[in-house]
Number of protein chains: 2
Amino acid sequence: MVLPRAAKTQRRTRIQEEKEEQILEAALEVFSANGFRGSTIDQIAEVAGMSKPNLLYYFRTKEAMHRALIDRVLDTWLDPLREFNAEGNPVAEIRSYIRRKLEMARDFPRESRLFANEVLQGAPHIEDELKGPLKELVDEKAEVIRTWAKAGKIAKCDPYHLIFAIWSTTQHYADFDVQVRAVLGQENAGDGRFEDAARFLERLFVDGLQVREQPSSDYTGEI
Amino acid sequence: MVLPRAAKTQRRTRIQEEKEEQILEAALEVFSANGFRGSTIDQIAEVAGMSKPNLLYYFRTKEAMHRALIDRVLDTWLDPLREFNAEGNPVAEIRSYIRRKLEMARDFPRESRLFANEVLQGAPHIEDELKGPLKELVDEKAEVIRTWAKAGKIAKCDPYHLIFAIWSTTQHYADFDVQVRAVLGQENAGDGRFEDAARFLERLFVDGLQVREQPSSDYTGEI
DNA sequence: TGATAATTTGACCGGTTGGTAAACATTACA
DNA sequence: TGTAATGTTTACCAACCGGTCAAATTATCA
């Protein structure tokens with residue numbers, strides 16, 4: 001056989017597993033840093049330490065590589081939201097969600113940037129995932145939050161925008177890392193900014209979602 | 001003279017002004033949607049309604065076009081932060097900053113995405129601006145916030161992370177627009193999401209920054 | 001071991017991309 | 001009006017990019 005190309009054979013050889021692993025690791029490195037169009041197969045091949053035709057032996061096209069990478073990473077990426085537990089203590093659940101998301105921004109910034117690049121440029125390759133699985137998961141968790149608010153366990157608020165706020169504030173530390181570093185200055189070389197961010201964000205959301213008889217001051221939704 | 005190319009002549013002709021304007025508008029459209037490497041001069045030329053060599057008559061290289069665009073847009077982009085007024089009422093100032101940033105996400109999403117693309121990919125073209133003018137401006141405003149906190153006008157908090165939180169939550173609606181739309185669903189076609197976001201964010205930050213004797217519940221900064 | 005399947009690579013191809021050369025067209029202005 | 005400066009376009013180039021091919025190398029296992 002000349003072109004087994006992974007999918008055609010039922011059993012995956014040891015080499016196939018290893019090489020596909022290597023390739024996806026390199027692809028994550030390159031795609032997350034340059035976006036899809038900004039990345040070249042040669043770059044990925046170099047990072048993966050193999051020749052371009054060798055890459056294309058395992059993934060027929062650049063798109064196939066990107067697709068495989070997204071599929072592989074998306075599940076893990078959504079895990080923190082899945083863990084969101086309706087039975088738990090609302091404030092503790094929200095705080096723990098923030099903490100988990102910040103940990104991921106710290107430990108898996110490339111994954112965050114991969115999706116950021118994709119969504120920022122109109123999500124041409126993952127639109128279906130956004131409108132399907134992602135929306136369904138968010139809908140489910142938004143319902144949980146709504147229930148909590150109705151039961152008076154947290155302040156009444158739009159659950160979708162709460163989730164957006166948690167996503168954006170936490171992922172900011174991965175996606176806009178160079179800006180964060182530039183503004184905080186060189187001295188902030190370690191991971192200290194993540195601890196500071198955790199302190200700030202947990203306080204912001206916990207206090208901001210505290211149940212209150214009256215809104216603490218008048219505000220309008222008009223912009 | 002054969003190649004005046006804008007910079008070489010002191011006086012700009014009417015045609016130069018007009019064409020450079022057209023080109024930068026087109027460049028904003030294309031660069032913000034595809035990032036620097038993902039954009040081609042041909043694309044920009046088509047959007048600008050002129051031939052590629054004609055573009056290159058006004059801007060010698062793709063980089064020069066990008067640079068000119070950034071320079072032109074950066075000032076406007078930082079205006080809301082500059083308006084942040086130390087003499088004003090702290091809560092009103094913060095709320096007004098959030099509102100202004102959300103208005104910009106709604107009215108100038110391309111500008112937001114232009115910077116997001118740039119920063120996301122390591123800010124290769126604007127690192128100096130981040131470490132220079134941007135950092136100085138943020139330092140100055142952070143000091144204002146710190147003063148407010150010390151005077152007991154708002155809760156004690158890390159002013160830098162407060163600014164990051166406002167940036168990320170508001171710009172999210174421009175940068176991740178497709179994701180926001182996908183999650184909220186088709187029925188949310190108009191600008192309603194911006195009003196909902198304004199309501200949510202003003203409440204979150206205002207209540208979250210309310211002065212409080214005791215933190216409303218225990219929390220640690222550890223992640 | 002030897003034959004067969006799986007893996008790897010150098011050479012190459014057509015299309016795209018950033019950019020140039022030079023001829024042509026238009027404008028400004030004495 | 002004439003002419004020099006300014007503006008525009010067609011044709012083109014070299015480098016790059018995604019992808020193919022066939023030949024060479026290595027692993028598997030009867």
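Proteins get letters first, then strands, A, B, ... in listed order; numbering begins at 1 in each. Small disclaimer: the values here were computed from a predicted structure and weren't measured.
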Respond yes when some side-chain nitrogen or oxygen of Q16(B) is under 4.0 Å from OP1 or OP2 of dG7(D), and no when none is.
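Q16(B) to dG7(D) OP1/OP2: side-chain N or O found under 4.0 Å.
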Whole Å only: how far is the [atom1] atom of [X] from the [atom2] atom of [N]?
{"X": "M65(B)", "N": "dT17(C)", "atom1": "CE", "atom2": "C1'", "result": "13 Å"}
{"X": "Q22(B)", "N": "dT8(D)", "atom1": "CD", "atom2": "P", "result": "9 Å"}
{"X": "H66(A)", "N": "dG18(D)", "atom1": "NE2", "atom2": "C1'", "result": "16 Å"}
{"X": "I44(A)", "N": "dC17(D)", "atom1": "CD1", "atom2": "P", "result": "12 Å"}
{"X": "Q43(A)", "N": "dC17(D)", "atom1": "CD", "atom2": "P", "result": "7 Å"}
{"X": "D42(B)", "N": "dT20(C)", "atom1": "CG", "atom2": "P", "result": "14 Å"}
{"X": "L56(B)", "N": "dC13(D)", "atom1": "CG", "atom2": "P", "result": "18 Å"}
{"X": "E17(B)", "N": "dT27(C)", "atom1": "CD", "atom2": "P", "result": "17 Å"}

Can you tell me how the ring of Y173(A) sits relative to the ring of F164(B), calling it parallel under 30°, perpendicular over 60° and tilted otherwise?
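Aromatic pair Y173(A)/F164(B) classed perpendicular.
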Specify whether H66(B) and F31(B) have parallel, tilted or perpendicular ring planes, treating 30° as the upper limit for parallel and 60° as the lower limit for perpendicular.
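Answer is perpendicular, since the angle exceeds 60°.
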Does anything in residues 30-41 of chain A reach DNA chain C, meaning a heavy atom under 4.0 Å, and if so which residues?
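Close to the strand are R37(A).
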Which residues satisfy the salt bridge (Lys or Arg N to Asp or Glu O under 4.0 Å) test with [X], sequence neighbours excluded?
{"X": "E140(B)", "result": "none"}
{"X": "R82(A)", "result": "D75(A), D79(A)"}
{"X": "K131(B)", "result": "E127(B)"}

Sequence neighbours excluded - salt bridge (charged side-chain N to carboxylate O under 4.0 Å, His left out) pairs with any residue from residues 29-40 of chain B
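Listed once each, the pairs are E29(B)-R110(B).
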Sequence neighbours excluded and cut-off under 3.5 Å, please list the side-chain donor-acceptor pairs for residues 42-52 of chain A, or say none.
from: Q43(A); atom 1: OE1; to: T40(A); atom 2: N; distance (Å): 3.1
from: S51(A); atom 1: OG; to: N54(A); atom 2: N; distance (Å): 3.4

For H172(A), which residues count as a side chain to side chain donor-acceptor pair (under 3.5 Å) partner, sequence neighbours excluded?
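So H172(A) forms no side chain to side chain donor-acceptor pair (under 3.5 Å) with any residue.
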Dump the pairs, protein N or O against N or O of nucleotides 8-13 of chain C, anything under 3.5 Å, distances to one decimal.
from: dT8(C); atom 1: OP1; to: K19(A); atom 2: NZ; distance (Å): 2.4
from: dT8(C); atom 1: OP2; to: N54(A); atom 2: OD1; distance (Å): 3.4
from: dT8(C); atom 1: OP2; to: N54(A); atom 2: ND2; distance (Å): 3.2
from: dT8(C); atom 1: OP2; to: Y58(A); atom 2: OH; distance (Å): 2.7
from: dT8(C); atom 1: O5'; to: N54(A); atom 2: OD1; distance (Å): 3.1
from: dT9(C); atom 1: OP2; to: S51(A); atom 2: N; distance (Å): 3.4
from: dT9(C); atom 1: OP2; to: S51(A); atom 2: OG; distance (Å): 3.1
from: dT9(C); atom 1: OP2; to: N54(A); atom 2: OD1; distance (Å): 3.3

Sequence-distant partners of F84(A), ring-ring contact (aromatic ring centres under 6.0 Å, His included), two or more places apart:
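Partners of F84(A) under the ring-ring contact (aromatic ring centres under 6.0 Å, His included) test: Y97(A), W148(A).
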